[in-house]
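Below, chains carry the letters A, B, ... as their sequence lines are ordered, and counting in each starts from 1.
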Number of protein chains: 2
Amino acid sequence: MNAPRLAEIGSLVGDQARANILSQLMDGRALTATELGFAAGVSAQTTSGHLAKLTASGLLAVTKQGRHRYYRLATPHVARMIEHIMVVAGDKPARIPMHGARQEAVRTARTCYDHLAGRLGVGIADVLLARKYLVLAADGGEVTRAGARFLDKLGVEPEAVSGRRPFCRTCLDWTERRPHLAGKLGTALAARFFERRWLERQAGSRALTVTPAGRRMLRELFGLTL
Amino acid sequence: MNAPRLAEIGSLVGDQARANILSQLMDGRALTATELGFAAGVSAQTTSGHLAKLTASGLLAVTKQGRHRYYRLATPHVARMIEHIMVVAGDKPARIPMHGARQEAVRTARTCYDHLAGRLGVGIADVLLARKYLVLAADGGEVTRAGARFLDKLGVEPEAVSGRRPFCRTCLDWTERRPHLAGKLGTALAARFFERRWLERQAGSRALTVTPAGRRMLRELFGLTL
DNA sequence: CGAACGCTTCGGCCGCGACCGAAGTGTTCG
DNA sequence: CGAACACTTCGGTCGCGGCCGAAGCGTTCG
């Protein structure tokens, strides 16, 4: 039996800050080092050290995206392992990643920083592209004339989508594995959705609730039924 | 999510001496404090402290018997948890290769708490499923009519495999990385194998020796040559 | 371009916990 | 009974590892 490795993995989980980090990632999300540090309650430097250890030992995987680094559980085995430790810890029935009502909500619609992700985010991106309201380019994209009219109807101002910041980047979406709308346009759209109360944040989660008004609007304007 | 408890359990497993102790108990035996101290490579006093912690946290249970104290894993949950940690430990690319005769024996056949694991355990599970003696379901499984006859021939009693405890759970195997037979059926089978002296425990290890009679039986009844 | 930002590396501090020697409790012997 | 044994408790040492400040690197943005 490989007791040294057993102890090694155990001690990785056995630190309070690292346990906080792993807990945060149990629903399958990918979070940045800063977010994880905040959740763990330690400084950025300390967080960096922890994340390096967890990654080196194969518990976490990391994806670079611009100046961010998204950390996530490396394999389902890691999630399962933590579940089983929780069982011994006397915690509630095992929460397998991405099941249950709350996880379902996270899959449907959630924030990714300042823009929209999940099925909602991907769906909106799909629609805008399909209707040629938006064309993609290597370093961003461009709003077409028809797109500008559409956005104007939504109340998204033209200057909000100008400038060098790209409209749509391939923002890591761990549930849909497809690009969604980030950048200036994504931010402006998300802001508008909140402003009009089409979406509401859920406490303590990145999941979003689509309000009845939002549901109607999504069907009418985007042809989306989530 | 209960991160403090997660860290607590993790740190218990995360000490080398305690990991050694837990490893020793993985086959479900109950060992004395002295034996465990020797296996862990620390003094009696230190061992005593470790055992007290492990017991207080519910990982171990203890039985007094004269001047001895027999420690064992408190629940199958603990064994399962350790198995799952081992799976993650094995996911690391830079895995310490197992070598030597004894390690080979461990890979071939060993106990996993109260049932059989290793190539033997996985092989038996494969055969029973391939012959449709057993069908798997989400929450356990069912023995078919043909399976019942087969088990009867082995001397495994029908009531041993009835009841609410599942027949076959996906108990992940850290060498084979495939499910093997746990649950009531796995336990009953293992017990029968020991009773008939088809398998014998090796001292100080979870490895099992397949006796000549056992080898013959495995070939005749299961078509297995390990 | 420079400033702001996200993250990592380095260096040094410090506390927790593993460890053992010595002593104490309880049990089994002869 | 006392000696041997199994185990625990106490007390003190010490090293590993978590922590943060400061500095450095790469990216983004105006």
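- The distance between atom CD1 of B:Ile21 and atom P of C:dA18, rounded to the nearest whole Å, is 11 Å.
- The shortest distance between the side-chain N/O atoms of B:His68 and the OP1/OP2 oxygens of C:dT28 is not below 4.0 Å.
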Hey, mind stepping through A:Thr32 and A:Tyr70 against side chain to side chain contact (heavy atoms under 4.5 Å, CB included) and telling me if it holds?
CA-CA 4 Å; A:Thr32 65; A:Tyr70 287 87; 3.9 Å; yes
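- Between D:dG18, C:dT9, D:dC20, one nucleotide has an atom nearer to the side chain of A:His50 than all others, and that is D:dG18.
- To the nearest angstrom, P of C:dA18 lies 9 Å from CG of B:Leu12.
- A donor N or O paired with an acceptor N or O is found under 3.5 Å between the base of C:dG21 and the side-chain atoms of B:Gln45.
- Below 30°, between 30° and 60°, or above 60°: for B:His84 and A:His84 the angle between ring planes is below 30°, a parallel geometry.
- Among the heavy atoms of the strands, none lies under 4.0 Å from A:Ser11.
- Atoms CG (B:Leu36) and C1' (D:dA6) sit 13 Å apart, rounded to a whole Å.
- In this structure, of D:dT28, D:dA4, C:dC20, it is D:dT28 that holds the atom nearest to the side chain of A:Arg67.
- Without hydrogens or angle criteria, A:Arg69 side chain to A:Thr63 main chain gives no donor-acceptor distance under 3.5 Å.
- For the pair A:Glu8 CD and D:dG17 P, the interatomic distance rounds to 11 Å; values are reported in whole Å.
- Nearest to the side chain of B:Arg69, among C:dA18, D:dT8, C:dT8, sits D:dT8.
- Considering only side-chain atoms of B:Lys53, the nucleotide from C:dG17, D:dT8, D:dC20 that sits closest is C:dG17.
- Of the listed nucleotides (C:dT8, C:dC19, D:dT8), D:dT8 has the atom at the smallest distance from the side chain of B:Tyr71.
- Interatomic distance, CD of A:Gln65 versus NE2 of A:His68, reported as 8.0 Å (0.5 Å rounding).
- Taking the side chain as every heavy atom from C-beta outward, B:Glu83 and B:Arg80 never approach each other to under 4.5 Å.
- As judged by a 4.0 angstrom heavy-atom cut-off over every strand, A:Ala44 is placed among the base-contacting residues.
- The separation between B:Tyr70 atom OH and D:dA6 atom P is 11 Å, rounded to whole Å.
- Rounded to whole Å, the distance from CG on A:Leu54 to P on C:dT8 is 12 Å.
- Atom CG in A:Leu31 sits roughly 15 Å away from atom P in C:dG6 (whole-Å rounding).
- Considering only side-chain N and O atoms, B:Ser43 lies nowhere under 4.0 angstrom from the phosphate OP1 or OP2 of C:dC19.
- Mapping B:Thr46 and A:Arg18 onto DNA chain D via the closest heavy atom, the residue that lands nearer the 5' end is B:Thr46.
- Distance, B:Phe38 CZ to C:dC20 P: 14 Å, rounded to whole Å.
- Heavy-atom nearest nucleotides on DNA chain D were determined for A:Lys64 and for A:Ala17, and the one closer to the 5' end corresponds to A:Ala17.
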